[in-house]
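As structure tokens, the structure follows; a few thoughts come after it.
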Amino acid sequence: MITFPFHELEFWYQQFKRDLPWRKFQDAYHVWVSEIMLQQTQVNNVIPYYQRFLKKFPTIKALAQAEEEDVLPLWSGLGYYTRARNLLKTARIVTEKFKGNLPSTFEELLKLPGIGPYTAGAILSIAYHLPYPVLDGNVKRVFSRFFLEKSNQKLEEIAKHLIDQSYQLKNDPSSFNQSLMELGALVCNPQNPTCLSCPLQKGCGAFKKNLQSFYPQLTKKNQTQYRFFALLMAVKKIDGSIKFLVRKRSKNEQWLKELWEFPMIQLKKDLKVRNKQALLEEFFKIFSQQTKCKIKECAYMGNFFHSITHHRLKIHVVKSSLDGSLQGFGPTQWVANKDLKKIASSSILKKALAL
DNA sequence: TTCCCGAGGA
DNA sequence: TCCTCGGGAA
Ligand code: SF4
């Protein structure tokens with residue numbers, strides 16, 4: 001028997017829980033879509049994506065009938081794009097094999113692409129009200145601090161025991177798990193936990209010993225690697241409207257596979273921005289050597305950074321008109337500004353446009 | 001600049 | 001068991 005303030009936490013949750021779009025309908029489909037989007041992604045960034053996604057695909061069957069080209073644009077800028085591809089794969093499997101109902105056992109859920117232990121637990125507890133633990137980053141942090149425990153294995157055991165105990169007390173696993181995650185997000189946050197307003201304060205080990213910043217165990221991080229790129233925003237007037245040239249990345253690229261982007265060339269070293277004329281000439285050389293096309297009326301638009309896990313990309317942007325076609329970049333197309341949001345892309349495209 | 005966050009493949 | 005994938009907030 002573990003001592004834990006179940007009632008205080010539940011009371012706090014009912015009072016302070018946020019009114020999030022995926023809390024409106026907590027059936028398996030809504031829970032699944034939201035939990036996939038919330039993997040590695042902040043709540044506030046997910047909200048608009050979730051709303052657009054559900055509007056376009058209100059049911060799992062609607063999603064199953066879609067093609068990747070319909071799904072990926074709704075993921076543009078959200079990151080971890082295999083999530084969207086796996087979402088579609090799983091929708092098709094579930095529609096064919098389970099008549100459109102997500103399975104309600106841990107083992108069956110784990111077999112589905114994109115569903116791991118956390119997401120399986122979330123679906124089982126939130127949608128099906130079954131006593132399965134969820135141990136995401138938020139919950140891990142709360143337990144680690146409350147029980148002064150750094151071992152992942154021990155934390156998993158604690159999570160299992162607590163959801164069972166909570167269930168014995170006739171608590172709904174859905175609200176118990178969500179209350180833990182909500183507390184981790186709103187109160188017991190990573191950098192600045194507000195222990196003075198925390199419903200778990202009384203029994204909390206980290207609070208008692210003032211050790212909040214040492215729990216949970218911090219994971220060692222890879223060193224950031226820098227890469228430098230020249231990006232070409234080629235513009236052309238077609239039938240009286242301005243269009244941009246984009247290319248589709250291949251499936252062999254390291255990241256952002258098969259997404260559309262403004263053509264980029266990796267540089268051996270950073271460009272010096274001080275001399276803009278020299279920079280433009282350098283840029284011209286880089287692109288004309290590798291693309292066999294002529295760029296003219298160049299303008300240096302500036303640069304920005306973009307992070308992809310432990311890589312940090314510094315991207316220089318030149319806007320120009322273009323004669324001839326681009327060789328060696330795979331499929332290309334000219335797209336009007338207003339249609340750029342309809343293609344699958346990363347947020348690099350948005351950042352370049354915003355310069 | 002650093003930090004945070006699940007699943008899958010090697 | 002380690003390493004990889006994106007992006008935004010602080
Ligand atoms: S008292 Fe502080 S450290 Fe303990 S659970 Fe609450 S917010 Fe976290």
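Chain letters run A, B, ... following the sequence lines, proteins first, then strands; residues in each count from 1.
- Judged purely by distance below 3.5 Å, without hydrogens or angles, the side chains of A/Arg141 and A/Asn138 pair a donor atom with an acceptor atom.
- Close approach of DNA chain C to chain A, defined as any atom under 4.0 Å from a non-hydrogen atom of the protein, starts and stops at C/dT4 to C/dA9.
- Nearest-nucleotide mapping onto DNA chain B: of A/Thr41 and A/Leu110, the residue sitting toward the 5' end is A/Thr41.
- A/Glu149 contributes a side-chain N or O that, together with a main-chain N or O of A/Ser151, makes up a donor-acceptor pair within less than 3.5 Å.
- Taking the ring centroids of A/Tyr49 and A/Phe53, they lie at or beyond the 6.0 Å cut-off.
- Residue A/Thr224 is classed as having no contact, given no heavy-atom separation below 4.0 Å to the nucleic acid.
- With rounding to the nearest 0.5 angstrom, the NZ atom of A/Lys257 is 9.0 Å from the CZ atom of A/Arg85.
- Backbone-only contact: A/Leu78 has heavy atoms under 4.0 Å from sugar-phosphate atoms and none from a base.
- Ring geometry, A/Phe143 versus A/Phe4: the interplanar angle exceeds 60°, so the pair is classed perpendicular (tilted spans 30 to 60°).
- Using a 4.0 Å heavy-atom cutoff across all strands shown, A/Ser307 reaches at least one base atom of the nucleic acid.
- Taken residue by residue, residues 133-145 of chain A places heavy atoms nearer than 4.0 Å to DNA chain B at A/Asp136, A/Gly137, A/Asn138, A/Arg141.
- Among the atoms of the strands shown, only primed sugar atoms or phosphate atoms (P, OP1, OP2) are found under 4.0 Å from some heavy atom of A/Ser346.
- Judged by the 6.0 Å distance and 45° axis criteria, A/Arg83 is not positioned over the aromatic ring of A/Tyr80.
- Heavy-atom distances to DNA chain C give each of A/Gln191 and A/Trp255 a nearest nucleotide, and the one nearer the 5′ end belongs to A/Trp255.
- For A/Asn222 and A/Gln42, each mapped to the nucleotide of DNA chain C holding its nearest heavy atom, the one lying further toward the 5' end belongs to A/Asn222.
- Relative ring orientation between A/Trp22 and A/Tyr50 is described as perpendicular, the plane-to-plane angle rising above 60° on a 0-90° scale split at 30° and 60°.
- By the neighbour-count criterion of 12 heavy atoms within 6.0 Å, atom NZ of A/Lys209 is sparsely surrounded, having that number or fewer from other residues, nucleotides or ligands.
- Residue contacts for A/Tyr80: at a heavy-atom cut-off of 4.0 Å it reaches a base atom on one of the strands shown.
- Salt bridge A/Lys154/A/Glu157: absent, no basic N to carboxylate O contact under 4.0 Å.
- When atom types are taken as modelled, the side chain of A/Arg247 and the backbone of A/Pro263 share no donor-acceptor pair closer than 3.5 angstrom.
- Among the protein residues, A/Phe304 comes within range of no part of the nucleic acid, since none of its heavy atoms lies under 4.0 Å from any strand.
- Ranked by how close their nearest DNA chain B nucleotide is to the 5' end, A/Thr119 and A/Arg312 are led by A/Arg312.
- Note that the first and last nucleotides of DNA chain B, 5' to 3', having any atom under 4.0 angstrom from a heavy atom of chain A are B/dT1 to B/dG8.
- Ring pair A/Trp32/A/Tyr29 is tilted by interplanar angle, where 30° to 60° counts as tilted.
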